[in-house]
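Notes follow once the structure below has been shown.
In what follows, chains carry the letters A, B, and so on, assigned in the order in which the sequence lines appear, proteins first and then strands, with residues in each chain numbered from 1.
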2 protein chains.
Amino acid sequence: MKDITSRIVELTKHGHCTPQISQLAKKLKEPSTTIHYNIKKLEKEGAIKSYKAVFDYKKINEGFCVYVLISLAPDEYGNPEKIAQDIAKHPQIESVDICTGDWELILKVRTANQDEYYEFTKNVISRKGIIKIKSLTSLKQVKTEFVEM
Amino acid sequence: MKDITSRIVELTKHGHCTPQISQLAKKLKEPSTTIHYNIKKLEKEGAIKSYKAVFDYKKINEGFCVYVLISLAPDEYGNPEKIAQDIAKHPQIESVDICTGDWELILKVRTANQDEYYEFTKNVISRKGIIKIKSLTSLKQVKTEFVEM
DNA sequence: TCATAAATTGAATATTATTCAATTATTTAT
DNA sequence: ATAAATAATTGAATAATATTCAATTTATGA
């Protein structure tokens, strides 16, 4: 056994997918060359960033999901993007947004379980510049990435 | 002009994409039939829910993004899924999670602008059972759906 | 250890994407 | 308003890719 599935998951999580031109053509009742042309246009414009798979994350051992609200130290206000991009690099991070309001950053983190999440917080979230954290653990995800579960 | 692109966006936002088996085969240095077999297995198990496009949402007229933290009335605690699923149906909703902590629900909402978001809150979020709301508006999304922007 | 099921693979086929050239529609400049 | 230039649509031909199938190997479990 080579555990090919986990490597497929890792690659299709970010990309390695493609639109189904002929299916779209049928659905929209247009020639497939027209669909093809318009998709390439969207890609060139940068409107489409990637094609990817959406998972039942419990089934790929990423069942533990936490939203992390972060408050930054005042001296970091000038450049929140630096911290945001550093955090975004980690594979457990689904999303990072720089926000208005009571919190400057909001993260969505996926790990296998609470233990792994705890390790993650120690290594990634505990760092200079972050002065306050509130975590909201997801008990059930009803919809994710525009896909209803 | 038929505005085919916006219909393509609408369909590829949820699905109408497919994994690139031959690309995955090259990357993983395995025969494409092996990749095919393993992908079909993941699909049958329900581990893969869908294949979809990820967008630069500003460029598809969904540049206004808000995280909405919701507190439910005590009489709704017994069945938060009902409300969650009702909310999830709306196309502006990217995600809905039922959470622990100070807030019972967390939504991610995407609209064209603040006005549209305001209409959305009036129609969807102002409803019986929801007693407290906090909104966090995203100023910049650094990573979304595991894709760095 | 034998029997059964699961996973891997190559060769053949079916399906789908892509290229290209021609046509039509739209925009821009005069 | 008209001509010229650009952008979008499309069908036919080709290239690339997915899928099926049967054979083989590997793993599982009584």
[X] has an atom [atom1]; how far is it from atom [atom2] of [N], in whole Å?
X	N	atom1	atom2	answer
K26(B)	dA16(D)	NZ	P	9 Å
I8(A)	dA7(C)	CD1	P	12 Å
E45(A)	dA8(D)	CD	C1'	13 Å
Q20(A)	dA14(C)	CD	P	20 Å
L24(A)	dT18(C)	CG	P	12 Å
R7(B)	dA8(D)	CZ	P	16 Å

ask   = Counting any heavy atom closer than 4.0 Å, what does S22(A) reach on the DNA or RNA strands: base, sugar-phosphate only, or nothing?
value =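 Sugar-phosphate, backbone atoms only, no base.
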request  = With heavy atoms under 4.0 Å as the rule, sort Q23(A) into base, sugar-phosphate or nothing.
outcome  =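 Result for Q23(A) = nothing.
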message = Tell me whether K13(B) forms a cation-pi arrangement with F146(A), defined as NZ or CZ under 6.0 Å from the six-membered ring centre and within 45 degrees of its axis.
response =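 Yes, cation above the ring, under 6.0 Å and within 45°.
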query = Can you find a side-chain donor-acceptor pair between Q20(A) and Y51(A) that sits under 3.5 Å?
reply =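 No pair is found: no donor N or O on one side chain lies under 3.5 Å from an acceptor on the other.
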query = When you match T18(A) and N38(A) each to their closest nucleotide on DNA chain D, which lands nearer the 5' end?
reply =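 Final value for this comparison: N38(A).
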Can you identify which nucleotide, out of [options], has its nearest atom closest to the [X] side chain?
X	options	value
K40(B)	dG11(D), dT9(D), dT19(D)	dT19(D)
H36(A)	dA17(C), dT8(C), dT19(D)	dA17(C)
I4(A)	dT8(C), dA17(C), dT10(D)	dT8(C)

For [N], does OP1 or OP2 lie under 4.0 Å from any side-chain N or O of [X]?
X	N	answer
S32(B)	dT17(D)	no
Y37(A)	dA8(D)	yes
K41(A)	dA7(D)	no
T33(B)	dG10(C)	no

inquiry  = Test of understanding: clusters of I, L, V, M, F, W, Y form through side-chain heavy atoms closer than 4.5 Å, transitively. Do Y37(B) and L42(B) belong to the same one?
reply    =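 Looking at the clustering, L42(B) is in a separate group from Y37(B).
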key: Q85(A) atom CD, neighbour heavy-atom count above 12 within 6.0 Å   =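 Yes, enclosed.
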query = Stepwise, does the salt bridge (Lys or Arg N to Asp or Glu O under 4.0 Å) test hold for K40(A) with E43(A)?
reply = CA-CA 5 Å; K40(A) 293 304 155 194; E43(A) 291 173 1; 3.3 Å; yes
